[in-house]
Amino acid sequence: MRNFEIAAMFNEMAELLETKDENPFKIRAYRKAAQSLESLTKDIEDIAKQGTLQEIPGIGRELAAKIEEIISTGKLKAYEKLKKSIPAAIPDMVEIPGVGPNTAKLLYNKFKLKSVGQLEKLAKGHKICNLPNIKEKTEENILRGIELLKRSKERMPLGEALPIAIEMTGRLRSAPGVERINYAGSVRRMKETVHDIDILITSSKPKPIMDAFVALPRVRDILAHGATKSSVLLKEGIQVDLRIVEPESYGAALLYFTGSKQHNIHLRGIANDMGYKINEYGVFNGKTGKRAAGEEEESIYKFLKLSYIPPELREDAGEIEAAAKGGLPDLVELKDIRGDLHVHSEWSDGAHSIKELAAAAGKRGYEYIAVTDHSESLKVAGGLSGVELKEKIKEIRDINRKIKGLTVLAGIELDILSDGSLDIDEALLPELDIVVAAIHSGFKQGKEKLTRRIISAMKNKHVNVIAHPTSRLMGSRDAYELDFEEIFKVARETNTALEINAYPDRLDLNDINARRAKETGVAVAIGSDTHVIGQLGNMAFGVAVARRGWLEKKDVLNTLALDKLLKKIKK
DNA sequence: GCCGTTTTCGGCCCGACTGTTTTCAGTCG
């Protein structure tokens, strides 16, 4: 799977081309192609073999040839040449907020800089403030930009960003003059990580709201403070943008501010073809300037003859074409979830008793939870021996006799050992209601071996779900590579579900693999991997991944009623 | 560099904020 490697190369080429005064549309073409590769649900090498590269949106004759060159030689001459032609300090300087290609080139040509560090020294010595278009203020801004670059995080996990977005909108809601308020951007699209938080407000009196915004307690730095648009950097290292528009522009502004950029560009292109223009204020007739829509998002999609596209799908990954044909999926919702299939109790490394978990799950309206404590070899997590497992199953049966309205399923999170065997006396497996298996060690074994381990677990007739298939932990452990095509194939053949682990640092399967699972007819189970009762709420993040993966209710195992669930999984 | 029942050439989304300017370029989203 070299999709991401090639996408990264195209993205880097776009950045390099930006410093060369290249045609901006050519630069966009590279970005669009990169994005297209990132959202691809198939292996690029397979597509190349079939000779259908040019069927990928944004890939034409030239980029297809470049992809083939990368696949066959491992290199791309055009990339190497481009990289050699641009001094490394220029793209490094462009990383500084406020410094773009032109400023970077100007600085390089004047001082022949080798690094951002050298630039910082010069700026501190007031050596750059006599260049054309650069005076003291710009010099200060460059220094501030360098500081920002050091302090700001690359991307923040959704699990951290969403609560901040909710808190900030909550605080601003009561500011004088606020009519409607929403967070937008990639947080609204529920992307797994976000670069910044976008907030939209409608009001006819923006100024006092803006002043309140930049004075909020979390604000560490004000990056821009205008009449209708401001940006701040929070103490947490993430940027928040606030935009205020008149109430009649709510829909258009929410659409614009939610993105994605590629989705908006595509919509605006459709409007152009119809003789109309879309901006953040509305849809306007290109000739008369007369307003045609914009108060609500729905009215804009309707005007463009598209069905309404939920934010999670707005990535220009085929959703606009589907909406034009009325073929959008009817996305699964949190309220469709009838139970949680991955929960830990104090029998292993969870904090609560099974009784407490059952009560909390009942409060959430669930019909069932599977208590899936770890198996014996996972010592750090207090894995259960066979004897303990038997006791635990007995406890669950007792609890089920006493409680009403919710069924506790006797489960296990079974370790898939490094040779692919299962960490249990297999005679015990039939006594369990549901068996979840997962890899917890040997992450560096390589693609082939890891794939074989998972496949051999799936082939066991008692294993129902493979949990967190790639074992990634955002920010600390990358996903290992797997042959997903093979895994999906065996999963379908053996009636094994793959998990979307809803724990915010995992979200594994991710959106793209979830979509591919659906396309290949593999069932998906969403599990919260709860260790503390509050984490049951993480189910919402798992549902978000499912929605971003185009999943419908029927694609998700734990939307089934208990009797249907038990009938559907293998025994 | 892509794309096309209007086009194989000539389009390609659109606007806010800032600083250095005296009308605009650069940057950002």
Side-chain angles (χ1 to χ4, degrees), chain A residues 10 13-14 17-19 21-36 53-67 78 82 93-107 129-142 144-145 148 184-186 194-200 206 210 214 222-232 239-245 249 252-253 255-284 286 294 300 304 316:
Chain A
F10 285 173
M13 286 182 81
L17 289 167
E18 251 174 1
T19 68
D21 274 335
E22 259 293 355
N23 175 359
F25 298 106
K26 179 175 173 175
I27 295 164
R28 186 194 295 171
Y30 273 93
R31 291 229 161 88
K32 161 82 186 162
Q35 200 236 349
S36 212
L53 283 173
Q54 291 190 47
E55 285 173 24
I56 302 169
I59 305 292
R61 199 166 52 87
E62 303 231 10
L63 288 179
K66 287 188 166 72
I67 292 170
L82 182 63
M93 281 192 277
V94 171
E95 295 281 303
I96 303 167
V99 176
N102 287 306
T103 311
K105 265 185 291 184
L106 178 73
L107 291 167
C129 60
N130 285 314
L131 268 56
N133 291 321
I134 295 183
K135 294 283 166 286
E136 278 175 15
K137 196 88 181 185
T138 303
E139 192 173 67
E140 276 172 34
N141 279 345
I142 288 175
R144 198 165 63 133
L148 285 178
S186 43
V194 305
H195 180 256
D196 56 20
I197 294 170
D198 301 302
I199 298 173
L200 172 71
M210 279 301 172
V214 299
I222 300 168
L223 307 174
H225 185 179
T228 64
K229 187 180 164 183
S230 295
S231 297
V232 299
Q239 184 177 328
V240 184
D241 299 335
L242 173 62
R243 187 71 189 268
I244 304 180
V245 298
S249 295
L255 184 72
Y256 156 77
F257 227 23
T258 297
S260 67
K261 195 173 177 178
Q262 291 291 353
H263 180 86
N264 288 344
I265 288 173
H266 195 150
L267 291 184
R268 288 171 176 194
I270 293 174
N272 269 357
D273 292 345
M274 295 167 68
Y276 285 80
K277 182 178 88 163
I278 302 179
N279 56 28
E280 58 263 58
Y281 304 111
V283 182
F284 299 92
I300 300 171
L304 298 173
D316 196 21

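Chain A is the first sequence line, chain B the second, and so forth, proteins listed ahead of strands; every chain is numbered from 1. The structure presented is a predicted model; accordingly, all values stated were derived computationally and were not measured. All values below come from the heavy atoms of this structure, side chains included, with hydrogens, waters and symmetry mates left out.
The CG-C1' distance, from A:Asn102 to B:dC24, rounds to 13 Å in whole Å. Remark: P of B:dT27 and CD of A:Glu18 are 10 Å apart, rounded to the nearest angstrom. Remark: P of B:dC24 and NZ of A:Lys135 are 19 Å apart, rounded to the nearest angstrom. In this entry the distance linking NZ of A:Lys261 with P of B:dG15 reads 15 Å, nearest Å. Residue A:Arg144 contributes atom CZ, which lies 14 Å from atom C1' of B:dT27 at whole-angstrom precision. Rounded to whole Å, atom P of B:dC12 lies 9 Å from atom CZ of A:Arg28. Atom C1' of nucleotide B:dA16 and atom NZ of A:Lys229 are separated by 5 Å, given to the nearest angstrom. Rounded to a whole Å, the CD atom of A:Gln262 is 16 Å from the P atom of B:dG29.
Between A:Asn141 and B:dT18, a side-chain N or O to OP1/OP2 separation shorter than 4.0 Å is absent. The side chain of A:Lys277 places an N or O atom within less than 4.0 Å of a non-bridging phosphate oxygen (OP1 or OP2) of B:dG15. Within the structure, every side-chain polar atom (N or O) of A:Ser230 is placed at least 4.0 Å from both OP1 and OP2 of B:dC17. Here A:Gln239 reaches the OP1 or OP2 of B:dG29: one of its side-chain N or O atoms lies under 4.0 Å away. Taking side-chain N and O atoms only, A:Thr228 has a distance below 4.0 Å to OP1 or OP2 of B:dC17. Checking the phosphate oxygens (OP1, OP2) of B:dC13, no side-chain nitrogen or oxygen of A:Tyr276 falls inside 4.0 Å.
Across A:His263, A:Lys32, A:Gln35, a single residue satisfies side chain to side chain donor-acceptor pair (under 3.5 Å) together with A:Asp316, and that is A:Lys32.
When heavy atoms are screened at a 4.0 angstrom cut-off, A:Asn272 is found touching the sugar-phosphate backbone but no base atom. Contacts of A:Ser231 with the nucleic acid, taken as non-hydrogen atoms under 4.0 Å apart, are absent. Backbone-only contact: A:Ile278 has heavy atoms under 4.0 Å from sugar-phosphate atoms and none from a base.
Here, B:dG26 and B:dT21 have their C1' atoms 12 Å apart, quoted to the whole Å. For the C1' atom pair drawn from B:dT8 and B:dG4, the interatomic distance equals 8 Å after rounding to whole Å. Going from the C1' atom of B:dA25 to that of B:dT20 covers 9 Å, rounded to whole Å. B:dT6 and B:dC2 have their P atoms separated by 23 Å, given to the nearest Å.
Between the side chain of A:Tyr256 and the base of B:dG29, a donor-acceptor pair under 3.5 Å is found. Not a single donor-acceptor contact under 3.5 angstrom links the side-chain atoms of A:Asn133 to the base of B:dG26.
Here the shortest heavy-atom pairing between A:Arg268 and A:Asn279 reads NH2-CA, 3.6 Å.
To the nearest 0.5 Å, atom CZ of residue A:Phe257 and atom CD1 of residue A:Ile199 are 9.0 Å apart. Taking CE of A:Met13 as the reference point, atom NZ of A:Lys66 lies at 5.5 Å (rounded to 0.5 Å).
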Evaluate the salt bridge (charged side-chain N to carboxylate O under 4.0 Å, His left out) criterion for residues A:Arg144 and A:Glu139: first the C-alpha distance (whole Å), next the side-chain angles of each, then the deciding distance (0.1 Å), finally the verdict. CA-CA 9 Å; A:Arg144 198 165 63 133; A:Glu139 192 173 67; over 6 Å; no
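Side-chain polar atoms of A:Asn264 and A:Gln262 form no donor-acceptor pair below 3.5 angstrom.
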